[in-house]
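Indexing begins at 1, ligand by ligand and atom by atom, following the structure's order.
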Amino acid sequence: MAGKINKMNSALIGLQWGDEGKGKLVDNLAGSFDAVCRYQGGANAGHTVIYKGEKLSLHLIPSGIFHQNKLSIIGNGVVIDIVQLIKEIEELKQRGIKINDNLKISKRSHLILPSYFEEEKEMKDKIGTTARAIGPAYSNKILRKGIRMGDINSPDYLSKFNLPPEYLKTLESFRRNYGHMITDTVELLRKMLKDNKKIIFEGAQGVLLDIDFGTYPYVTSSNPTPGGILTGSGIPPNTISTIIGVTKAYTTRVGRGPFPTRMEKETEELIRNTGDEFGATTGRPRNCGWLDLVALKFSSWISGVTEIALTKIDALDKLPEVKIATAYEIDGEKQEYFPSEVWKLEKANPIYKSFPGWNNTKSVKEYNNLPEEAKAYMKFIEDFLEVNIRYISTGRERGDLIRV
Ligand code: GDP
Ligand code: IMO
Ligand code: MG
């Protein structure tokens with residue numbers, strides 16, 4: 001019915017508990033696409049891109065924004081803190097990044113209202129949220145109490161919501177300065193696909209933080225999994241051919257919730273420092289653990305991953321030994337499948353396979369120049385997951401990437 005459209009689009013999905021290096025990857029890949037589209041989450045995301053030597057964190061704006069001739073699209077599934085969005089636009093502009101007709105925001109995306117931050121307080125301690133009012137934004141959306149981006153064009157409509165005058169002023173100022181960015185992104189995407197343009201969908205958070213498939217209740221309030229692309233952007237289901245699953249060569253987690261492969265203190269501190277594992281949104285130190293293939297087998301299946309991007313292999317440099325969890329022991333029984341119950345996961349003892357460490361992968365640009373030990377480590381991951389590693393990230397700079 002849709003006639004001839006481009007069906008060769010891609011998605012980039014975090015396979016762990018977020019912070020896998022999605023920002024760096026999207027910045028690398030955006031050159032091969034016509035647009036980058038965010039489809040879920042909000043300013044809880046912190047996607048780091050190194051631009052002209054400076055470390056920049058993107059929260060709402062897609063990580064392709066540094067490619068000035070590519071379109072950046074914020075889809076309907078994203079929840080928008082307008083104060084944060086203005087700040088982000090202004091900060092990028094100050095650095096000489098063009099933000100004008102190259103940024104499009106869905107009319108159907110929901111606003112994060114000032115009152116939501118009060119509601120967020122309880123969850124901040126309970127779940128260890130990023131305090132960005134993400135839960136209240138999605139719950140109010142589902143309760144049908146929300147206000148959408150397109151609504152800010154009608155003062156009459158807004159007047160029904162009893163919004164604080166200061167906030168109304170902020171909305172008005174956004175409308176005046178950036179109102180032209182607010183558009184029907186479903187129609188925009190349809191036209192692009194009709195014109196044979198290629199889109200990459202940028203996930204925020206990761207599969208293990210997914211509201212349905214993650215470690216509930218210690219999750220975020222949206223679907224980072226590919227299902228979220230359909231509901232969060234409005235593209236037809238058969239238009240994505242490549243799903244890149246991003247995983248670190250180890251694991252990290254911020255906030256509360258079970259973390260079976262967490263390292264003992266000394267190694268964790270070492271990895272936290274070499275890997276610079278501090279939150280891009282909140283600055284919180286990230287907990288660090290060994291790679292968990294029980295979790296990854298589940299998350300790559302749920303996501304229909306067609307290729308893997310493995311990041312931060314360099315952060316494991318110089319360890320005498322590295323470990324990978326291949327199963328769990330729960331209540332004396334071996335379990336190979338990732339449990340859905342949080343109370344089971346809390347009792348899980350990982351069963352590890354040990355690998356000899358390696359010395360130098362930092363900034364290596366050719367597969368052949370990687371140490372044999374690192375190659376063996378990656379081969380094991382590929383065989384276990386039955387998916388090929390297509391990208392190996394060896395440092396934080398844009399050029400620190402091997403395409404296999
Ligand atoms: P995202 O949320 O998935 O985009 O990931 P974050 O940006 O929150 O966290 C990833 C961190 O690792 C950032 O500080 C990146 O600059 C950094 N990073 C990404 N890839 C690599 C890599 O291959 N090696 C090293 N050392 N750092 C990396
Ligand atoms: P990116 O896109 C890592 C975590 C929080 C908390 C839980 C719920 O940078 O990978 P929320 O504020 O979403 O209600 O918090 O989810 N969390 C993330 N952890 N990376 C993220 O995003 C995250 N976004 C949320 O720490 O445990
Ligand atoms: Mg992050």
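With hydrogens left out, the protein atom closest to atom 6 (P) of ligand 1 is G46 O, 3.6 Å, a heavy atom. The shortest contact between atom 24 (N) of ligand 1 and any protein heavy atom is with D314 OD1, 2.8 Å. For atom 15 (O) of ligand 2, the nearest protein heavy atom (residue, atom name, distance) is T129 CA, 3.3 Å. Of all protein heavy atoms, the one lying nearest to atom 27 (O) of ligand 2 is V254 O, 3.1 Å. Scanning the protein for heavy atoms near atom 4 (O) of ligand 1, the closest one is G23 N, 2.8 Å. G128 O, 3.2 Å is the protein heavy atom nearest to atom 6 (C) of ligand 2. Among all protein heavy atoms, the one lying closest to atom 20 (N) of ligand 2 is D19 OD1, 3.0 Å. Among all non-hydrogen protein atoms, the one lying nearest atom 23 (C) of ligand 2 is Q205 CG, 3.6 Å.
Looking at Q68, its side chain does come within 3.5 Å of a backbone N or O of I65 through a donor-acceptor pair. Looking at D184, its side chain does come within 3.5 Å of a backbone N or O of V186 through a donor-acceptor pair.
In the candidate list T282, V219, T130, V219 is nearest to atom 8 (C) of ligand 2, counting heavy atoms. Evaluated by nearest non-hydrogen atom to atom 17 (N) of ligand 2, the leading choice among V246, L209, T220 is L209. When the heavy atoms of R396, K24, K312 are ranked by distance to atom 11 (C) of ligand 1, first place goes to K312.
For the pair K353 and F355, the cation-pi test (distance below 6.0 Å, angle within 45°) is passed. By the 6.0 Å and 45° rule, K297 does not stack over the aromatic ring of F338.
Between the side chains of D210 and T225, at least one donor N or O lies within less than 3.5 Å of an accepting N or O. Side-chain contact annotation: S354 with E321, donor-acceptor N/O pair under 3.5 Å present. Checked by atom type, the side-chain pair D81/H59 shows no donor-acceptor distance below 3.5 Å. Between the side chains of S393 and K24, a donor-acceptor pair is found at a separation under 3.5 Å. In the model, Q16 has no side-chain atom that pairs as donor or acceptor with a side-chain atom of T252 under 3.5 Å. No hydrogens or angles considered: nothing links the side chains of T170 and R175 as a donor-acceptor pair under 3.5 Å. For the residue pair T267 and E264, a side-chain donor N or O sits within less than 3.5 Å of a side-chain acceptor on the partner. For the 3.5 Å distance criterion, the side chains of R284 and T282 qualify, holding a donor opposite an acceptor.
Heavy atoms of G206 stay at 4.0 angstrom or farther from ligand 2. Ligand 2 has at least one atom lying under 4.0 Å from a heavy atom of R284. Ligand 1 does not have G18 within reach: every non-hydrogen atom of the residue lies 4.0 Å or more from it. Distances shorter than 4.0 angstrom occur between a heavy atom of G395 and an atom of ligand 1. Between G46 and ligand 2 there is a heavy-atom distance shorter than 4.0 Å. A heavy-atom separation below 4.0 Å is found between R286 and ligand 1.
For the pairing with P226, the side chain to side chain contact (heavy atoms under 4.5 Å, CB included) check across V305, V207, I243, I240 returns one residue only, I243.
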Inset, instruction - Determine, stepwise, if the pair K375 / E382 fulfils salt bridge (charged side-chain N to carboxylate O under 4.0 Å, His left out). - result: CA-CA 10 Å; K375 287 184 192 164; E382 284 185 323; over 6 Å; no

Inset, instruction - Evaluate side-chain hydrogen bond (donor to acceptor under 3.5 Å, both in side chains) for N287 paired with R262, printing each intermediate quantity in order. - result: CA-CA 7 Å; N287 300 329; R262 189 166 177 190; 3.1 Å; yes

Inset, instruction - In sequence, state the C-alpha distance, the side-chain angles, and the governing distance for H47 and D27, and then conclude on side-chain hydrogen bond (donor to acceptor under 3.5 Å, both in side chains). - result: CA-CA 10 Å; H47 296 180; D27 175 55; over 6 Å; no

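Ligand 1 has a nitrogen or oxygen under 3.5 angstrom from a nitrogen or oxygen of T48. The shortest N or O to N or O distance between T311 and ligand 1 is not under 3.5 Å. Residue I50 has no nitrogen or oxygen atom sitting less than 3.5 Å from a nitrogen or oxygen atom of ligand 1, judged on distance alone. Looking at D276 next to ligand 1, no N or O pair under 3.5 Å apart turns up. At a 3.5 angstrom cut-off on N or O pairs, D19 counts as close to ligand 1.
Note on G279: not counted as a metal contact of the Mg ion (ligand 3), no N/O/S atom lying under 2.8 Å.
Atom-to-atom distance recorded for R95:CZ and E90:CD is 12.0 Å, nearest 0.5 angstrom. In this structure, the separation between OH on Y116 and CD1 on I134 is 11.5 Å, given to the nearest 0.5 Å.
Contacts between W17 and ligand 2 below 4.0 angstrom, taking non-hydrogen atoms only, involve the backbone exclusively. With a 4.0 Å heavy-atom cut-off, ligand 2 is reached by the side chain of K22 but not by its N, CA, C or O. The proximity of Q16 to ligand 1, defined as any non-hydrogen pair under 4.0 Å, does not occur for either the backbone or the side chain.
Taking every non-hydrogen atom of E20 and a distance limit under 4.0 Å, the qualifying atoms of ligand 1 come out as 3 (O), 5 (O). Atoms of ligand 1 lying under 4.0 Å from any heavy atom of S393, numbered from 1 in the order shown and given with element: 20 (N), 21 (C), 22 (C), 23 (O). Of all atoms in ligand 2, listed by their number and element, those nearer than 4.0 Å to a heavy atom of A45 are 1 (P), 2 (O), 9 (O), 22 (O). In summary, the atoms of ligand 1 found under 4.0 Å from a heavy atom of G21, numbered by their order in the structure, are 1 (P), 3 (O), 4 (O), 5 (O). In summary, the atoms of ligand 1 found under 4.0 Å from a heavy atom of T394, numbered by their order in the structure, are 23 (O). Listed by atom number, the atoms of ligand 1 under 4.0 Å from K55 heavy atoms are 14 (O).
Of all the N, O or S atoms in D19, the one closest to the Mg ion (ligand 3) is OD1.
Y218 has its ring centre no less than 6.0 Å from the ring centre of W17.
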